[in-house]
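What follows is a single structure, written as structure tokens, with notes after it.
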Number of protein chains: 2
Amino acid sequence: MTLDSETKAVELPEHHGDELRLWLRLLTCTTLIEGEVRSRLRERFDVTLPRFDLMAQLDKVPEGMTLSDVSKRMMVSNGNVTGLVERLVESGHLDRRTSEADRRVQVIRLTKAGRAEFRKMAAEHELWIADMFGDLTPKDVRELMRLLAKTKASAQRSAKARAG
Amino acid sequence: MTLDSETKAVELPEHHGDELRLWLRLLTCTTLIEGEVRSRLRERFDVTLPRFDLMAQLDKVPEGMTLSDVSKRMMVSNGNVTGLVERLVESGHLDRRTSEADRRVQVIRLTKAGRAEFRKMAAEHELWIADMFGDLTPKDVRELMRLLAKTKASAQRSAKARAG
DNA sequence: CCAGATTTCTTTAGGTTTCAAGTAATTGGC
DNA sequence: GCCAATTACTTGAAACCTAAAGAAATCTGG
């Protein structure tokens with residue numbers, strides 16, 4: 001077997017192993033951090049991650065959002081949001097009312113108590129995240145931000161091409 | 001207000017917003033790609049992502065793995081693996097037997113049919129991933145690999161410190 | 001050997017998640 | 001005005017997932 005044939009064997013058939021390894025590494029990082037956040041939220045505040053995420057979306061918009069807005073922002077299905085909101089209204093964290101202008105629409109907001117509780121959790125959450133990324137230099141952080149933005153755009157282009 | 005006090009206001013209270021934004025961006029990328037892979041797997045092969053992931057683990061080890069191994073590698077709970085394996089044995093993709101040496105241990109392997117089906121799916125999957133990361137240059141890929149490795153190590157350090 | 005600790009896996013309860021189908025309200029074309 | 005299409009949300013079925021408790025087998029230090 002010549003060196004040529006070996007080299008060809010590796011390079012010719014469009015070897016995409018690097019991207020696959022990159023994807024697995026990205027997934028590992030996310031799973032690792034997400035699992036840690038999930039554990040700490042349960043341990044410290046007895047709250048689930050999806051509930052925290054939903055409250056985080058609402059905290060940014062005091063006037064409230066529709067269920068569809070939440071669904072899009074969280075990138076989860078509509079049916080999922082329905083159940084999540086139901087439980088958070090039940091527990092008093094969320095306030096929900098039907099829109100006057102369009103009675104299909106449900107507007108949800110954090111209650112006073114819900115907002116207070118979220119702010120407490122968010123403050124600690126931010127420290128956890130800072131600690132988990134703590135070994136990265138400011139330059140690393142900037143560079144990672146840039147590359148992930150590029151990755152997001154690339155994935156969106158690919159997703160659109162399929163759907164399109 | 002002097003320039004000094006403004007500068008201090010930003011720098012003193014250990015503002016960790018950058019890391020939080022980085023985390024959200026990381027999560028967005030992963031969710032986006034994962035959702036796309038999930039859709040395509042369902043559409044093309046009528047298979048769920050968790051099943052694909054489990055088969056991917058087993059494909060790497062022809063002699064099979066224990067449930068605990070799978071659980072660790074996939075970073076999911078034991079109980080979760082029990083159910084997943086049950087359904088994949090049911091559908092004929094997996095073979096399962098109790099270890100002779102240690103009767104607590106269940107060893108699972110891909111069946112011939114399961115392996116054949118997985119290989120078909122994996123080949124397309126690799127192309128999807130390559131396309132989704134397609135706008136990144138080889139240098140981008142290398143740099144992202146490096147930064148994610150650093151991120152993983154940092155998160156593990158933080159997780160360990162808590163559990164410690 | 002043997003009692004206690006550990007390991008491996010299963011079970012249970014409670015949530016989360018998707019997809020698909022269904023209901024209700026609104027919009028747009030005619 | 002009226003009907004079809006669209007939009008917003010809910011419901012139902014099945015799968016996925018975790019945490020915690022439990023069962024069975026193995027290991028360990030007397």
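Letters go in sequence order (proteins before strands), and every chain restarts at 1.
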Run B:Phe45 and B:Phe52 through ring pair (Phe, Tyr, Trp, His ring centres under 6.0 Å) and show every step you take. CA-CA 10 Å; B:Phe45 302 109; B:Phe52 178 81; 8.3 Å; no
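- Linking Ile, Leu, Val, Met, Phe, Trp and Tyr whenever their side-chain heavy atoms come within less than 4.5 Å leaves A:Leu127 and A:Met132 in two separate clusters.
- Donor-acceptor pairing under 3.5 Å is lacking for the side chains of B:Ser99 and B:Asp102.
- OP1 or OP2 of C:dT26 sits under 4.0 Å from a side-chain N or O of A:Arg103.
- Between B:Asp46 atom CG and D:dA14 atom P there is a gap of 14 Å when expressed in whole angstrom units.
- Taking only side-chain nitrogens and oxygens, B:Arg87 never comes nearer than 4.0 Å to OP1 or OP2 of D:dA14.
- Annotation: side chain to side chain donor-acceptor pair (under 3.5 Å) contacts of B:Arg96 (sequence neighbours excluded): B:Gln106.
- Atom-to-atom, CZ of B:Arg42 to P of D:dA14 comes out at 13 Å; the value is rounded to the nearest Å.
- Between A:Leu84 atom CG and D:dC9 atom C1' there is a gap of 15 Å when expressed in whole angstrom units.
- There is a path of hydrophobic side-chain contacts, each under 4.5 Å, that joins A:Val47 to A:Leu88.
- A salt bridge links A:Glu36 to B:Arg162: one of the charged nitrogens lies within less than 4.0 Å of a carboxylate oxygen.
- B:Val81 and B:Val105 are assigned to two separate hydrophobic clusters, defined by single-linkage of ILVMFWY side chains at heavy-atom distances under 4.5 Å.
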The contact string for nucleotides 7-12 of chain C, one letter per nucleotide 5' to 3', using protein heavy atoms under 4.0 Å with B, S and - for base, sugar-phosphate only and none, comes out as BSBBB-
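- Between B:Glu143 and B:Lys139 no salt bridge is recorded (no basic side-chain N to carboxylate O distance below 4.0 Å).
- For residues 47-60 of chain A, proximity to DNA chain C is found at A:Thr48, A:Pro50, A:Arg51, defined as any non-hydrogen atom under 4.0 angstrom from a strand atom.
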